[in-house]
Asks: 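I have a structure here, written as structure tokens, and I will follow up with some questions on it.
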Amino acid sequence: MSKRSVLLHLDADDHPSVFDRVVAVDAGVDVLLSHGSVKVGQVRDLVHGAIFTRGPKDLNRTALFVGGSNVEKAEELYSEARKHLLPQYGLRVSMMLDANGCNTTAVAAVRAVMASVPYSGARALVLAGTGPVGQRVVSLLARLGCAVRLASRQLDRAEAAARAILCKRPGAVIEAVAPANPFDMSRALEDCDILVACGAAGIRLVDHGIWSKKRLKVVVDLNGVPPMGIEGIEPFDSGVEREGAICHGALGVGGFKMKLHKACISSLFETNQLELEEDAIFDRAVILAGG
Amino acid sequence: MSKRSVLLHLDADDHPSVFDRVVAVDAGVDVLLSHGSVKVGQVRDLVHGAIFTRGPKDLNRTALFVGGSNVEKAEELYSEARKHLLPQYGLRVSMMLDANGCNTTAVAAVRAVMASVPYSGARALVLAGTGPVGQRVVSLLARLGCAVRLASRQLDRAEAAARAILCKRPGAVIEAVAPANPFDMSRALEDCDILVACGAAGIRLVDHGIWSKKRLKVVVDLNGVPPMGIEGIEPFDSGVEREGAICHGALGVGGFKMKLHKACISSLFETNQLELEEDAIFDRAVILAGG
Amino acid sequence: MSKRSVLLHLDADDHPSVFDRVVAVDAGVDVLLSHGSVKVGQVRDLVHGAIFTRGPKDLNRTALFVGGSNVEKAEELYSEARKHLLPQYGLRVSMMLDANGCNTTAVAAVRAVMASVPYSGARALVLAGTGPVGQRVVSLLARLGCAVRLASRQLDRAEAAARAILCKRPGAVIEAVAPANPFDMSRALEDCDILVACGAAGIRLVDHGIWSKKRLKVVVDLNGVPPMGIEGIEPFDSGVEREGAICHGALGVGGFKMKLHKACISSLFETNQLELEEDAIFDRAVILAGG
């Protein structure tokens, strides 16, 4: 009989995320070992405990998930954890990073775009494009062959984010913008097919009067708490047509995000080789959505 | 197949109570998510994690238990948790408060009284009536139609506790007393049918020479560590007659308390609508005791 | 149906050891209650939670494991926990101490010796004999009737460790040595049959040129990280002959250590009477190894 599946769940927050814990349970994890308040210096021993307890042929039954509300800290924990795997001896476990749902949310947003319009060669504006979700949306749209405008309130931050993504995706077409007023915003939307808002809960990013005058084909708003990021979009929108555009709200996107999150957790136990981050999670989403 | 039952267990103590964890296991909980050192400001995210992960029709498989040695802090956590449910969207889970066993212990003590004497219209003296268990015993006896004397060492604290209970149970007959010597104690016991001691472990509250001269019908002592709160009562007493009164000790009451605690935890997963505090736990006890 | 097995796992480290958690899962524990950052003053309530929740006849389904990287602190927690059992009422649980694997590692090393040579009356040198594993190796070899030289860099520490073991095993033959140079080391190995190195990872304790000239019958090195503690021993050595001696490396010994650790955890649930420390774990190892 195969060993019980064990998910080591590391989180830098005081309490390991209950959201992530329940999703792991519903994804079928047998034993969940959740640790909160994890510091980088503590990762080595935690990871060694995971890889030194089962032989290489059973290590597909152990996996590592890094979550938490602070994406930057989670990335540090994840990257530290990777250092302490010993793949040369077969001593490694599959890993997934989804702090604050950043990867599964960004992938679900991009998948909503893909399901709505022909995307290769399309033009997209991503609002709040410097945050963890925003950067991933920009990066994935660029991967799909879109020309992307990455918007932020501060131009220097937008430019820095754009440069970081270009390092990862050389040849991508990304332009940094910082629309400071309705006139700028209207210009940023010029010729755009796709508008995605990745802003914080309850913050309006663009008024209905502006985007409704454009010929947008798809609009996605990941803010589910009123006021909406994009005025006129409703949280439960899931492919609804508004002003000629196919619209998706936070909860509309959320259903697929949850399915994807669970599917990714389950897949961690298929082999001990996976590293599920932005691109690998995107690939899983394509399979999950049926191509 | 229905989802595994998940109990989110919040505790303000450094370590989440092992007592409460084992009882939850024995009540059949599939997955126990215990969090210690919980602060009020952390409750929102913990509760959101519980209600945003399963759809409304599956939320009866998730529940919340608030425990811990400090009843006041637990009440704050419980009350904070209730604020973050979203019943308007069906996003809520059943909840139970039993910090330090205060509710199940008080209910078990009152149920021992009910099993021993006709209680409506009876007169009761509750010693250490200002503590978490004592206040609940007074309140439940008042609900049953008893006239209750609430005793404490300090009269002002006894009066404050009595007022608080009267706010919740208008029309109840509660008198605050502060017996400072054997003479006062004897007077406080005048005409009483019921004596319940809710004091701390190892503290004598009333001597045998005093209570044995009265015509008490039932005596309950919740202190199980010698010296007893009521001299002459033994921890394992469970309906034993002494000096003409039916007597119950801490361990005698404890058996039913444990059954009740487990039955309450199990019932949390029948629906996502329960709020198990003093009165609702009392109602469960009546059913459990067979009416 | 018997109750689910519950292992209360106490650890003084910030995070309860993931190694110990996964081993407990693989040993078949149903519910693992792991607590990190445990302080001595918190042990009473944790232990009371374990012994006051199930009746004496079910307490074989609850057990206590004390682990952690700091053996001294773990010994304090273990000894404190023992104080709060109430065996006079049948209220106790089986307990095991294996902080940093000290007991199972030392036992596995000694068992490797036993499997390799006639040990009664043999002469042994134990390097790094003042550490938690080293002291236990010396003590167990003395129990087997070996004359043991306990080596450390500081003579006074070696003497103190030897005295401590003699208190426990009166009549044992233990000599403290502090070889400061190759010449001393060569003399310490004089007439020895057995050499065991219990030093820290990556620290060379004895060169090949020294030990290979002796007539050693068995050599065990518990350091698995190069450079080896005993030059010439390989981590995976498991009864390999080198220079006429039967050799065991850290990973060679580790396989039996893991089996022993799991067998000990499983046995905790056979009765509520066990106290698995050095000697009792050794006895289990003898049974596990088939005599």
Side-chain angles (χ1 to χ4, degrees), chain A residues 1-16 21 25 29-66 77 80-81 84-86 88-91 93 95 269 272, chain C residues 4-7 9 11-37 65 67-70 98-101 104-105 108 201-202 222 224-226 234-236 238 249-262 265-266:
Chain A
M1 207 183 71
S2 71
K3 286 183 190 287
R4 282 186 281 174
S5 60
V6 171
L7 185 67
L8 177 59
H9 163 205
L10 306 185
D11 193 315
D13 293 349
D14 289 341
H15 294 284
R21 299 182 88 180
V25 169
V29 168
D30 292 321
V31 179
L32 186 56
L33 306 181
S34 295
H35 293 252
S37 308
V38 178
K39 282 159 198 59
V40 168
Q42 301 169 331
V43 168
R44 190 197 62 179
D45 287 356
L46 294 164
V47 168
H48 279 178
I51 64 174
F52 287 144
T53 34
R54 293 173 162 183
K57 74 173 177 31
D58 288 320
L59 278 178
N60 66 317
R61 303 300 293 159
T62 306
L64 175 67
F65 177 86
V66 180
L77 297 181
E80 180 73 14
H84 299 293
L85 300 179
L86 296 167
Q88 64 272 38
Y89 302 113
L91 299 176
V93 294
M95 301 170 62
F269 300 99
N272 69 338
Chain C
R4 282 187 281 174
S5 59
V6 171
L7 185 66
H9 164 205
D11 194 314
D13 293 348
D14 289 341
H15 294 283
S17 159
V18 169
F19 186 97
D20 290 336
R21 299 182 88 179
V22 178
V23 172
V25 168
D26 286 348
V29 168
D30 292 322
V31 179
L32 186 56
L33 306 181
S34 296
H35 293 252
S37 309
F65 177 86
S69 63
N70 185 319
D98 201 30
N100 221 5
T104 49
T105 302
L222 295 175
V225 178
E234 294 292 332
F236 280 103
S238 183
L251 299 175
V253 169
F256 184 77
K257 180 235 173 289
M258 286 296 281
K259 268 187 220 162
L260 176 60
H261 188 162
K262 282 180 214 170
I265 296 284
S266 297

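We name chains A, B, ... by the order of the sequence lines, and we start the count at 1 in each one. Nothing here was measured: the structure is a model prediction, and the numbers come from that model.
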Asks: Is there side-chain contact between Leu8(A) and Val18(C), with heavy atoms separated by less than 4.5 Å?
Replies: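 When only atoms from C-beta onward are counted, Val18(C) and Leu8(A) do touch, with a gap below 4.5 Å.
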
Asks: For residues 51-62 of chain A, give me every residue with a non-hydrogen atom less than 4.5 Å from any non-hydrogen atom of chain C.
Replies: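 Residues in range: Phe52(A), Thr53(A), Arg54(A).
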
Asks: Is Lys262(C) in contact with chain A via its backbone, its side chain, both, or neither, using a 4.5 Å heavy-atom distance?
Replies: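 Only the side chain of Lys262(C) comes within 4.5 Å of chain A.
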
Asks: Using non-hydrogen atoms and a limit below 4.5 Å, what part of residues 42-50 of chain A faces chain C?
Replies: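 Heavy-atom contacts from residues 42-50 of chain A to chain C are Gln42(A), Leu46(A), Gly49(A), Ala50(A).
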
Asks: Below 4.5 Å from any heavy atom of chain C, which atoms of Leu33(A) appear? Answer side chain, backbone, both or neither.
Replies: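 Contact with chain C is through both the backbone and side chain of Leu33(A).
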
Asks: Of the backbone (N, CA, C, O) and the side chain (C-beta and beyond), which part of Ser5(A) lies under 4.5 Å from a heavy atom of chain C, both, or neither?
Replies: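 For Ser5(A), neither part sits under 4.5 Å from chain C.
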
Asks: Flag the one option from Leu32(C), Val31(C), Val25(C), Val23(C) with the top tally of heavy-atom pairs under 4.5 Å to chain A.
Replies: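 Highest number of pairs under 4.5 Å: Val25(C).
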
